[in-house]
Student: 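Supplied in structure tokens, the structure appears directly below.
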Amino acid sequence: MSKPYLLPIFARAVHSGDWPENERGWHEFCIALDNSKSNLIEIDTYSRDRVIHVVTIDSDTSNWTPKNAYFGSMDFLNKYDLEKICEEISSQDLEECIKIDKKYGYQEIIKIKAQKDIDDLMSSALSFHDAHIESIEAKDGGSIFMNQGYIYLCDEINAPSLDEGDWGIYFAGKGLFYRVLPSDNN
């Protein structure tokens with residue numbers, strides 16, 4: 001594998017096959033530019049050892065045509081079979097992909113300011129699935145939400161707000177910054 005690099009993801013799908021619903025995600029792939037940023041390639045989201053190859057740092061798919069949780073593409077690419085797009089893409093559509101890549105601006109350190117920033121963090125961290133903070137272990141994922149100027153991190157899945165109920169341990173602060181670092185595993 002090559003070193004990690006930043007690029008837009010133009011499509012995502014699941015390899016053909018009759019996969020059980022709970023295993024479909026392990027067969028997911030993304031369509032992106034290669035390292036030279038001149039051709040489209042297919043990248044498996046996970047390796048055979050279930051190591052993540054693709055980390056999503058921007059969850060916005062507003063210019064996509066999604067069909068379900070595992071299949072979708074940018075609107076101008078929805079005419080292609082995603083398992084054949086790398087070979088069949090027109091030169092005009094490839095040029096549009098390259099233009100989109102050139103316009104993308106990445107911030108290394110992101111400050112949580114709005115719900116979209118929370119969505120991006122939760123997407124890149126897989127909702128903190130199997131995450132832990134020092135000795136506090138969150139086995140089923142986590143949640144982040146904003147309330148009255150504070151940002152709350154909670155060890156419960158989909159905690160929408162502060163509640164009088166017993167929904168877990170939380171941390172609160174006025175500011176939250178994060179940075180996504182590439183793994184040492186290839």
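Residue numbers count from 1 along this sequence. Hydrogens, waters and symmetry mates are skipped; everything else that's a heavy atom, side chains included, is used.
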Student: Which residues pass the side-chain hydrogen bond (donor to acceptor under 3.5 Å, both in side chains) test with Asp93, sequence neighbours left out?
Tutor: Lys79, Tyr80, Ser90
Student: To the nearest 0.5 Å, what is the distance between CH2 on Trp64 and CZ on Phe10?
Tutor: 9.5 Å
Student: Who are the side-chain hydrogen bond (donor to acceptor under 3.5 Å, both in side chains) partners of Ser91, not counting sequence neighbours?
Tutor: none
Student: Can you sort out the partners of His15 under side-chain hydrogen bond (donor to acceptor under 3.5 Å, both in side chains), two or more places apart, ordered by chain and number?
Tutor: Asp44
Student: Search all heavy atoms of Leu7 against all heavy atoms of Asp101 and return the closest pair with its distance.
Tutor: CA-OD1, 4.0 Å
Student: What I'd like to find out is whether the side chain of Leu40 reaches to under 4.5 Å of the side chain of Leu33, using heavy atoms alone.
Tutor: yes
Student: Atom CG in Asp75, atom OG in Ser62: separation rounded to 0.5 Å?
Tutor: 8.5 Å
Student: Please walk me through it: do Asn63 and Phe76 pass side chain to side chain contact (heavy atoms under 4.5 Å, CB included)?
Tutor: CA-CA 9 Å; Asn63 64 343; Phe76 72 98; over 6 Å; no
Student: If you apply the rule side chain to side chain contact (heavy atoms under 4.5 Å, CB included), what do you find for Ile31 with Glu42, and how did you get there?
Tutor: CA-CA 5 Å; Ile31 301 297; Glu42 181 180 296; 4.2 Å; yes
Student: Drop me the distance from Ile151's CD1 to Phe145's CZ, to the nearest 0.5 angstrom.
Tutor: 11.0 Å
Student: Report the distance from atom CH2 of Trp19 to atom CZ of Arg24, rounding to the nearest 0.5 Å.
Tutor: 11.0 Å
Student: How many angstroms lie between OG1 in Thr45 and CZ in Phe29, if you round to the nearest 0.5 Å?
Tutor: 9.0 Å
Student: What are the two closest non-hydrogen atoms of Ala13 and Phe71, and how far apart are they?
Tutor: CB-CD1, 3.5 Å
Student: Looking only at non-hydrogen atoms, find the nearest pair between Met146 and Ile112 and report the distance.
Tutor: CE-CG2, 4.4 Å
Student: When rounded to the nearest 0.5 angstrom, what distance separates NZ in Lys99 from NZ in Lys102?
Tutor: 9.5 Å
Student: Applying side chain to side chain contact (heavy atoms under 4.5 Å, CB included), run through Leu77 and Cys97 and close with a yes or a no.
Tutor: CA-CA 10 Å; Leu77 298 174; Cys97 292; 4.1 Å; yes
Student: Please report the shortest heavy-atom distance between Ser38 and Leu94, naming the atom on each side.
Tutor: O-CD2, 3.5 Å
Student: For Leu82 and Gly72, work out which heavy atoms get closest and say how close.
Tutor: CD1-O, 3.6 Å
Student: Would Ile100 and Met74 count as a side chain to side chain contact (heavy atoms under 4.5 Å, CB included) if you check the C-alpha gap in whole Å, the side-chain angles of each, and the deciding distance to 0.1 Å?
Tutor: CA-CA 11 Å; Ile100 289 169; Met74 288 189 172; 3.7 Å; yes
Student: Minimum heavy-atom separation for Ile98 and Lys37, please, with both atom names.
Tutor: CG1-O, 3.8 Å
